[in-house]
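Beneath this line is the structure, given in structure tokens, with notes to follow.
Please read these numbers as outputs of a predicted model, since none were measured by experiment.
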Amino acid sequence: MQRTVFTDEHEAFRATVRAFVESRVVPVHDQWYEAGIVPREFYHQLAELGVFGIEVPEEYGGAGIESFKFQAVLIEEAARAGVSFGGSSVHVGLCLPYLKSLATEEQKRRWLPGFVAGELMFAIAMTEPGTGSDLAGMRTTATRSADGDHYVLNGAKTFITGGVHADRVIVCARTAPPSETDRRHGISLFVVDTTSPGYTVGRKLDKLGLKVSDTAELSFTDVRVPAADLLGEEHRGFTYLGRNLPQERFSIAAGAYAQAKAAVRFAVEYTKGRTVFGRPVAEFQNTKFELAACRAEVDAAEAVVDRALEALDAGTLTPADAASAKLFCTEVASRVIDRCLQLHGGYGYITEYPVARLYADNRVNRIYGGTSEVMKTIIAKDMGL
């Protein structure tokens, strides 16, 4: 089916990104995979391509385009080639909305030009050891000094994507205990300089998948955070987090759809070239039926993603809409990628084949950004259940 969500401008951008991926990423991606991290200088290359500034207002060095569609193109093209851009997806997809909506004019002038240039890479630290999706249960604290000049940050975070390379991290911390009627009260957001004394990047976590994306543990021991680096109002952090969750969950849905589509592409190419019993695997009826079924599921996911993308740009994507899109697309992707791996036979289990890496990378989609079980709870609540 013909997609209508993208314009000629988006497709021109897609062609530029595809050429960039094929010439600058694919040839070295295996090295990144073995190292378990994207080289820091790669982010300067992405900045030169202009991808960090698309949604940043012009007065801070960006293009001032209020649309997530260009980021959706990036997501699709990375998946198509079976590559990763590391923590840059968090830099733009998760952190930028907080900076645009909450930062003061002074803060924007301090941070956004470096953000666009790839000189200040951002990450966000929400999850803590032992709390998982229960953000209201966080124990990291930020205590304001008597003179009001700064806060003292103490605690730990885990599963922080982009945490190794980050120059600034949006840290969620308690500035007040929860109230008797609201466990979510008392959480605030801070933009923390990663060179601050007491700020420590712990081990880079060895994950099942997403090997190229650096994921770290962070700890804070009496880290002094200037009061000028409080993001938004004190104690309102949980509200802010809720506002941006629909975009985060949509981006996961879009990524899952793109991975599923890529898996079908890899399986078609492989089965056409692989010969068994004197015939290409693609000629067997079972192969045709399996790939046809996968194609149908991917088409359905594409329709969900495109409709949600239009709603996101229009500002009408609700938390339940985003949860539904994430739940559906991640479940589709898990089925499709598994079936495409099966069509590769034993080679599908070898990580030099992109479908094997997709299989491992895809699994986390049903966990981060809120588990599938959390998505079902949100949808059920929207249904009045």
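- Counting only residues at least two apart or in different chains, salt bridge (charged side-chain N to carboxylate O under 4.0 Å, His left out) contacts with residues 316-335 comprise Glu297-Arg335.
- Once rounded to the nearest 0.5 Å, the distance linking NE2 of His165 with CZ of Phe42 reads 11.0 Å.
- More than 12 heavy atoms of other shown residues, nucleotides or ligands fall within 6.0 angstrom of atom CZ in Arg265.
- Within the 3.5 Å criterion, the main-chain N or O of Leu327 finds no donor-acceptor partner in the side chain of Lys376.
- Between Asp229 and Val192, the closest side-chain pair of non-hydrogen atoms is not below 4.5 Å.
- Gln247 places a side-chain N or O within donor-acceptor distance of the main-chain N or O of Gly93, the cut-off being under 3.5 Å.
- Rounded to the nearest 0.5 Å, atoms CZ (Arg243) and OG (Ser101) are 6.5 Å apart.
- At a threshold of 4.0 Å, the pair Glu76-Arg3 counts as salt-bridged, since one of the basic side-chain nitrogens sits closer than that to a carboxylate oxygen.
- Considering only heavy atoms from C-beta on, Lys157 comes within 4.5 Å of Cys172 through its side chain.
- A salt bridge is absent between Lys69 and Glu55; no separation between the charged side-chain nitrogens and carboxylate oxygens falls under 4.0 Å.
- Checking His10 against Thr7 by side-chain atom types alone, a donor-acceptor pair falls below 3.5 Å.
- Under a 4.0 Å N-O distance rule, the pair Arg18/Glu22 does not qualify as a salt bridge.
- Minimum interatomic distance between Ala253 and Val305 (heavy atoms only, all atoms of both residues): O-CG2, 4.0 Å.
- In this structure the side chain of Thr351 reaches within 4.5 angstrom of the side chain of Tyr33, judged on heavy atoms.
- A salt bridge is absent between Arg144 and Asp149; no separation between the charged side-chain nitrogens and carboxylate oxygens falls under 4.0 Å.
- Taking the six-membered ring for Trp and the full ring otherwise, Tyr368 and Phe159 have centroids separated by 6.0 Å or more.
- For the atom pair Leu94 CG and Ile170 CD1, the distance stands at 8.5 Å (nearest 0.5 Å).
- When only modelled atom types and interatomic distance are considered, Arg224 and His150 share a side-chain donor-acceptor pair under 3.5 Å.
- With respect to the salt-bridge test (charged N to carboxylate O, under 4.0 angstrom), the residues Glu66 and Lys100 qualify.
- With salt bridges taken as basic N to acidic carboxylate O contacts below 4.0 Å, one links Arg14 and Glu11.
- In summary, Asp214 and Arg40 do not engage in a salt bridge, as defined by a charged side-chain N under 4.0 Å from a carboxylate O.
- Side-chain contact between Ser188 and His235 is present, with heavy atoms from C-beta onward closer than 4.5 Å.
- No side-chain heavy atom of Thr318 sits under 4.5 Å from any side-chain heavy atom of Pro246.
- For the pair Thr287 (side chain) and Val281 (backbone), a donor-acceptor distance under 3.5 Å is present.
- For Asp8, the CG atom sits in a loose shell: 12 or fewer heavy atoms of surrounding residues, nucleotides or ligands are nearer than 6.0 Å.
- The pair Glu106-Arg110 counts as a salt bridge, with a side-chain nitrogen and a carboxylate oxygen less than 4.0 angstrom apart.
- Among the candidates Leu46, Val38, Val83, the single residue satisfying the side-chain contact (heavy atoms from CB on, under 4.5 Å) test with Val25 is Val83.
- Taking the centre of each ring, Phe115 and Phe122 come in below the 6.0 Å mark.
- No side-chain N or O of Thr141 forms a donor-acceptor pair with one of Asn154 less than 3.5 Å apart.
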